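Report on the following structure.
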There are 2 protein chains.
Amino acid sequence: MNGYAPTWRLPITSSDRVLFEIQRAIVEGEIPAGSKISEPELARRFSVSRAPLREALARLERCHLIERTPNAGARVVTLSHEGLISLYQLREELEGLACRLAAEHMPHDEIEEMQALLNRHLETQRVREGESYYQEAGDLDFHYRIILGSKNPYLINILCDELYFLVRMYRVQMGMNGPRVSRAFDEHKAILQAIANRDGELADLLMRRHIGASRRNVEIQLQNTRKEHD
Amino acid sequence: MNGYAPTWRLPITSSDRVLFEIQRAIVEGEIPAGSKISEPELARRFSVSRAPLREALARLERCHLIERTPNAGARVVTLSHEGLISLYQLREELEGLACRLAAEHMPHDEIEEMQALLNRHLETQRVREGESYYQEAGDLDFHYRIILGSKNPYLINILCDELYFLVRMYRVQMGMNGPRVSRAFDEHKAILQAIANRDGELADLLMRRHIGASRRNVEIQLQNTRKEHD
DNA sequence: GACGCCTTGATTGTCGACAATCCAGCACCA
DNA sequence: TGGTGCTGGATTGTCGACAATCAAGGCGTC
């Protein structure tokens with residue numbers, strides 16, 4: 001299970017299974033960024049034929065985890081500073097929109113469920129301070145639910161199915177946990193409150209700030225590492 | 001040829017060829033919206049095996065022209081009012097961002113080329129008044145170039161590769177030419193001028209207005225047809 | 001010694017056939 | 001008569017093998 005696919009189709013085929021495995025392997029760096037993908041090798045590794053494997057590769061390309069060129073094969077994407085910034089730019093815009101739409105369309109019970117969820121996150125976060133994995137899971141879950149609350153199928157597809165694996169990959173492999181752990185919860189709470197008040201404009205603004213803060217945080221982090229390398 | 005793929009990979013395989021043909025057929029309604037896709041039938045029709053056909057289907061799903069469910073096959077998407085509105089919401093946001101980025105990153109020569117292009121469009125539009133196909137082509141071309149000018153690869157991919165076939169499908173099959181033909185050129189000119197002045201904020205605003213006007217135009221058009229049906 | 005061509009090996013793209021699954025229609029039963 | 005389970009046909013998912021294409025290394029030539 002990838003753990004975050006919002007609404008996954010059933011039943012699950014071999015191609016799905018292989019897709020999940022490779023997604024996880026790439027996101028966690030088990031298959032290194034930039035490395036070449038060998039179809040026969042992966043087919044053997046997962047004990048399937050090349051047909052379902054290629055189906056899985058097609059979907060990996062869709063979520064930007066690999067890049068394919070005809071007759072030349074596939075490579076795992078190489079992470080770059082520019083790529084990360086481009087990703088953040090998109091997320092600011094799209095998740096801002098998601099907030100505005102969620103304020104309009106998200107049903108009451110989903111909002112209440114999120115508030116309960118946020119309280120639970122706050123507790124567990126106080127207990128196990130710094131356990132970044134759970135913190136990351138909670139953060140992604142929060143963003144996921146808002147996106148789903150927008151009820152815009154194209155927006156949901158782009159963010160949850162196509163972009164978020166890349167987001168996770170950058171987080172894991174570039175070690176993004178930073179000093180924003182505690183502030184994020186307050187920001188989440190404010191965003192959710194705006195949605196509960198059906199104030200789409202404010203929710204939009206707060207989400208853009210929330211992601212924008214992450215982006216600027218990342219930018220200075222990248223500048224520092226760049227200076228270290230000089 | 002789809003005619004608008006921004007940067008198409010070479011060489012072209014059978015799967016690419018089939019993809020182009022089916023894309024065109026679906027966009028132009030030759031394969032009706034909502035109809036079921038038969039893999040053996042299409043394979044015969046295009047004289048290829050099912051392997052490249054399925055590859056093409058996977059990519060058709062990626063640009064939202066078909067929907068697949070495991071073990072049940074694929075259907076051409078059904079157009080709906082809600083879907084069209086969702087699409088416009090996304091475009092407002094994404095193309096607004098594209099404008100802001102284009103104002104920052106688009107090189108001078110590309111801007112000059114667009115200005116020349118716009119003048120040419122204005123002339124041909126005056127000559128052959130109402131030839132909606134060329135007008136549509138010109139409009140799409142304008143939007144394409146701005147998107148490419150943003151230099152954000154994810155944004156480019158989403159808009160040019162995944163969303164614009166749907167936009168074209170809605171335009172063709174719902175007959176969107178409306179009374180906005182002449183105003184669109186002035187709006188295009190203003191947007192381009194803002195980009196040339198490196199005023200990203202203004203370009204963003206103008207583009208949102210430009211697409212928002214289309215959306216509202218479509219909304220009242222849809223309300224009218226809905227009333228007629230009552 | 002450097003450049004270009006050809007051969008060779010491996011990889012990808014495509015094919016036809018088989019296995020697993022689903023859907024429509026019918027018989028059967030309460 | 002309405003609902004339920006089964007069966008046959010068709011469709012999809014998967015497989016192994018072949019053909020087309022590309023990349024690397026050796027050879028010959030300038």
Side-chain angles (χ1 to χ4, degrees), chain A residues 1-2 5 7-23 25-26 31-62 64-78 161, chain B residues 1-2 5 7-23 25-26 31-62 64-78 161:
Chain A
M1 261 308 201
N2 60 16
T7 159
W8 198 258
R9 60 183 215 180
L10 298 175
I12 292 178
T13 67
S14 320
S15 137
D16 293 324
R17 213 197 67 234
V18 173
L19 173 66
F20 295 152
E21 300 247 20
I22 304 183
Q23 266 178 342
I26 291 181
I31 302 177
S35 64
K36 185 164 180 345
I37 298 256
S38 163
E39 292 186 4
E41 183 197 327
L42 281 185
R44 279 196 304 275
R45 175 168 166 183
F46 296 109
S47 329
V48 290
S49 147
R50 278 177 54 218
L53 179 75
R54 284 170 66 86
E55 171 100 19
L57 290 185
R59 290 201 260 163
L60 284 173
E61 185 182 26
R62 178 173 173 169
H64 307 275
L65 290 184
I66 67 172
E67 287 166 353
R68 300 169 88 190
T69 48
N71 296 318
R75 307 192 77 87
V76 179
V77 292
T78 60
D161 296 340
Chain B
M1 261 309 203
N2 60 17
T7 157
W8 198 259
R9 61 185 213 178
L10 298 177
I12 291 178
T13 67
S14 321
S15 138
D16 292 324
R17 213 197 67 235
V18 173
L19 173 66
F20 294 152
E21 300 248 20
I22 304 184
Q23 265 177 342
I26 290 182
I31 302 177
S35 65
K36 185 165 183 343
I37 297 257
S38 164
E39 292 186 3
E41 182 197 327
L42 281 185
R44 278 196 305 274
R45 175 168 166 183
F46 296 109
S47 332
V48 290
S49 147
R50 278 178 53 219
L53 178 75
R54 283 171 65 85
E55 171 99 20
L57 290 185
R59 289 201 260 163
L60 283 173
E61 186 182 26
R62 177 172 173 172
H64 306 276
L65 290 184
I66 68 172
E67 286 166 353
R68 301 169 89 189
T69 48
N71 296 318
R75 308 192 75 87
V76 179
V77 292
T78 60
D161 296 341

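Since the model is a prediction, treat every value here as computed from it, not as a measurement. Chain naming here is simple, since letters A, B, ... match the order of the sequence lines and numbering starts at 1 in each.
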Practice prompt. Walk me through it: do Leu60(B) and Leu19(B) pass the test side-chain contact (heavy atoms from CB on, under 4.5 Å)?
Written response: CA-CA 7 Å; Leu60(B) 283 173; Leu19(B) 173 66; 3.7 Å; yes
Spacing between [X] atom [atom1] and [N] atom [atom2], to the nearest angstrom:
{"X": "Arg17(B)", "N": "dG13(C)", "atom1": "CZ", "atom2": "C1'", "value": "13 Å"}
{"X": "Glu41(A)", "N": "dA10(C)", "atom1": "CD", "atom2": "C1'", "value": "14 Å"}
{"X": "Lys36(A)", "N": "dC22(D)", "atom1": "NZ", "atom2": "P", "value": "14 Å"}
{"X": "Arg75(A)", "N": "dT11(C)", "atom1": "CZ", "atom2": "P", "value": "13 Å"}
{"X": "Leu53(B)", "N": "dG13(C)", "atom1": "CG", "atom2": "P", "value": "16 Å"}
{"X": "Leu57(B)", "N": "dT12(D)", "atom1": "CG", "atom2": "P", "value": "9 Å"}
{"X": "Asn71(B)", "N": "dA19(C)", "atom1": "CG", "atom2": "C1'", "value": "12 Å"}
{"X": "Arg44(B)", "N": "dT11(D)", "atom1": "CZ", "atom2": "C1'", "value": "12 Å"}

Check nucleotides 8-10 of chain D for protein N or O atoms closer than 3.5 Å to its own N or O atoms and list the pairs.
none

Pick out the pairs of N or O atoms, protein on one side and nucleotides 14-17 of chain D on the other, that lie under 3.5 Å.
{"residue": "dT14(D)", "atom": "OP1", "partner": "Ser14(A)", "partner atom": "N", "Å": "2.7"}
{"residue": "dT14(D)", "atom": "OP1", "partner": "Ser14(A)", "partner atom": "OG", "Å": "2.6"}
{"residue": "dC15(D)", "atom": "OP2", "partner": "Ser49(A)", "partner atom": "N", "Å": "2.6"}

Worksheet item: At under 4.0 Å between heavy atoms, what does Ile37(A) touch on the DNA or RNA strands: base, sugar-phosphate, or nothing?
Response: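 Sugar-phosphate contact only.
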Worksheet item: Excluding sequence neighbours, so at least two apart, what forms side-chain hydrogen bond (donor to acceptor under 3.5 Å, both in side chains) with Arg45(B)?
Response: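 Arg45(B): side-chain hydrogen bond (donor to acceptor under 3.5 Å, both in side chains) contacts with Glu30(B).
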Practice prompt. Return the set of residues passing side-chain hydrogen bond (donor to acceptor under 3.5 Å, both in side chains) with Glu39(A) (not counting sequence neighbours), or none when no residue passes.
Written response: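 If we apply the side-chain hydrogen bond (donor to acceptor under 3.5 Å, both in side chains) test to Glu39(A), skipping adjacent residues, the hits are Arg50(A), Arg54(A).
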Discussion item. I'd like to check the side-chain contact (heavy atoms from CB on, under 4.5 Å) partners of Ala74(A); sequence neighbours left out, ordered by chain and number.
Written reply: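 Residues passing side-chain contact (heavy atoms from CB on, under 4.5 Å) with Ala74(A): Ile37(A), Ile66(A), Arg68(A).
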Practice prompt. Using five pairs at either end of the helix from dG1(C)-dC30(D) to dA30(C)-dT1(D), determine the angle between the two local helix axes and round it to 10 degrees.
Written response: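 Terminal axis comparison yields 20°.
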Worksheet item: Side chains of Val77(B) and Ile26(B): does their closest heavy-atom pair fall under 4.5 Å?
Response: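 Not in contact.
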Practice prompt. Report yes if the side chains of Val18(B) and Leu42(B) come closer than 4.5 Å at any heavy-atom pair, otherwise no.
Written response: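 Sidechains of Leu42(B) and Val18(B): no contact.
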Item to complete: Walk me through it: do Arg59(B) and Asp16(B) pass the test side-chain contact (heavy atoms from CB on, under 4.5 Å)?
Response: CA-CA 9 Å; Arg59(B) 289 201 260 163; Asp16(B) 292 324; 2.5 Å; yes
Practice prompt. Could you work out which one of dC23(C), dG13(D), dT12(D) sits closest to the side chain of Ala72(B)?
Written response: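 From the listed options, dC23(C) comes nearest.
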Fill in: Spatial distance of atom CG (Leu57(A)) from atom OG (Ser15(A)) [nearest 0.5 Å]
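So the CG of Leu57(A) and the OG of Ser15(A) are separated by 9.5 Å.
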Worksheet item: Would a distance-only check, ignoring hydrogens and angles, find a side-chain to backbone donor-acceptor pair under 3.5 Å from Arg75(A) to Glu67(A)?
Response: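 No, because the side chain of Arg75(A) does not come within donor-acceptor range (under 3.5 Å) of the backbone of Glu67(A).
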Fill in: Sidechain-backbone polar pair: Arg17(A) side chain, Phe46(A) backbone, donor-acceptor under 3.5 Å
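Judged by distance alone, yes, a pair lies under 3.5 Å.
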Fill in: Contact summary for Ser49(B) and Pro52(B), nearest pair of heavy atoms
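So the minimum-distance heavy-atom pair works out to O-CD, 3.4 Å.
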